[in-house]
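Computed from heavy atoms alone, side chains included, the values below leave out hydrogens, waters and symmetry copies. All figures in this text were calculated on a predicted structure; none of them were measured in a lab. Lettering follows sequence order; numbering is per chain, from 1.
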Protein chains: 2
Amino acid sequence: MSEFNDKQVDILLAAEQLFAEEGFDGASIRTIAKLAHVNIAMISYYFGSKEKLLEALIIHRTSSMKMQLENISREDLSPFEKVDRLIDLYIWRINENKCMYQIMHFELTTKKRILNMESFMEIKKSNAEIFRRIIEEGQQKGDFRKDLTIELIPPTILGTIVHFRSNRLYFEKILGLDTEEAYESYITNELTLHIKQTIKALLANEN
Amino acid sequence: MSEFNDKQVDILLAAEQLFAEEGFDGASIRTIAKLAHVNIAMISYYFGSKEKLLEALIIHRTSSMKMQLENISREDLSPFEKVDRLIDLYIWRINENKCMYQIMHFELTTKKRILNMESFMEIKKSNAEIFRRIIEEGQQKGDFRKDLTIELIPPTILGTIVHFRSNRLYFEKILGLDTEEAYESYITNELTLHIKQTIKALLANEN
DNA sequence: CAACAAATTAAACAAACGTTTAATTTAAAC
DNA sequence: GTTTAAATTAAACGTTTGTTTAATTTGTTG
């Protein structure tokens, strides 16, 4: 299945967690090795260097993210239903890959490492393509209004989720979410609803 | 005016830039000192430690961010106009403090430093309070719909901007923004418009 | 079982890190 | 002009960093 053996996967999982929790510079080879239960030399042995480990991790994760949207685009649903399904998928995907999204957010903004983000950009591009197709379909049917900047809708969806997750402590406090489950369930329920409500209001043709 | 002398401000400015560009762990005392044109020992001398420098920086910046929203709330404008002004202010503020927002985004999500973020949370809370007041005013006038989760509207505004800024390379590419000015002007024009359009659509009462 | 490559280890490496020291310069007060 | 404190410096401190070495164990093949 995967191109990595068990030990390599252990290292990748440990690195993913620690890079997300402490940042690339904050996480050390020694703590990663300890969490993965391997000797520190194994990381250089398998991946070459710390930076190459990050690169392998990004490619490993992003390549497994591809082509989930295609299905929705093909299903026999109304444009509004498709947007609904799309938002569910966005939220689900960030849920499943929150560590990776955390890492990427930092790596994309930092000027330190200009490593190969092509694979990540390609995914975003093909996702955007599919998204555009679905919106334009709704516009042709007269369901959606036409004066929209389609490229800016995914940022609103993704941005809302990411912002909510990165200000977790604040929202836990003001919304009274005192357990992990309460917080996660708020995302899959209220937050999802809010996003759907927002996007539908934006798309809806008033005529 | 400020509690810091010129040299201390130099250090704070250098730290702000480098913490934002390379992360807290990625930026070293030596590079900060070099950028600020001071001896490396001056940082410990004035601030005590690297971590305390970050803390001083956060307090320094956040305390100067306070109470800009109050004015809008008091002005004699329609609810829709107020929301308009509010979004302008949000965007302007992130523009002015993009380094600080960048730093905070990382520090809020990292599990490493659980330093005193109270001052930052207090600002957010009082901002949210003012925002709520403006929305509820619009609801009473019948301009805004009533089935809204008001707490989730700022995340949509802020999230969209932050997401757009942190995926800069990607959006520069797909939108053909090949200069710094083109990118910044896109934010103050098209992106601002998109956010206003989105929030107004969400708020608008269909009756 | 001998031979070989792959996997694994503890130890050492140089470089960079944040911080401190101790000496010197600058500035202010009397 | 002397005294006293603050500011500034180069150098050294002990750790920790990512990486490499060289030796040993493990597993596989003939």
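A ring-centre distance under 6.0 Å is not found for Tyr101(B) and Phe106(B).
There is no side-chain donor-acceptor pair under 3.5 Å between Glu107(A) and Thr110(A). Checking Arg132(B) against Asn127(B) by side-chain atom types alone, no donor-acceptor pair falls below 3.5 Å. Between the side chains of Thr149(A) and Glu190(B), no donor-acceptor pair of N or O atoms lies under 3.5 Å. Side-chain atoms of Glu129(B) and Ser126(B) include no donor-acceptor pair closer than 3.5 Å.
For Met42(A) and dA10(C), the CE to C1' distance is 14 Å, given to the nearest whole Å. Taking atom CG on Asn5(B) and atom P on dT8(D), their separation rounds to 8 Å, with Å as the unit. Spacing between atom CD1 of Ile11(B) and atom C1' of dA7(D) amounts to 12 Å, rounded to whole angstrom units. Remark: C1' of dT19(C) and CD1 of Ile32(B) are 14 Å apart, rounded to the nearest angstrom.
At the heavy-atom level, Phe47(A) lies nowhere under 4.0 Å from the strands shown.
When each of Thr160(B), Thr156(B), Thr198(B) is tested with Thr156(A) by the rule side chain to side chain donor-acceptor pair (under 3.5 Å), just one qualifies, namely Thr160(B).
Between the side chain of Thr188(B) and the main chain of Ser185(B), a donor-acceptor pair closer than 3.5 Å is present.
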I'd like a table of atom pairs between the protein and nucleotides 25-29 of chain C - only N or O on both sides, under 3.5 Å - with the distance next to each one.
none

- Message: Treating primed atoms plus P, OP1 and OP2 as sugar-phosphate and everything else as base, which nucleotides of nucleotides 11-20 of chain D get B, S or - for protein heavy atoms under 4.0 Å?
- Response: -B----BBBB
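Taking the six-membered ring where the residue is Trp, Tyr90(B) and Phe131(B) present tilted rings, their angle falling between 30° and 60°.
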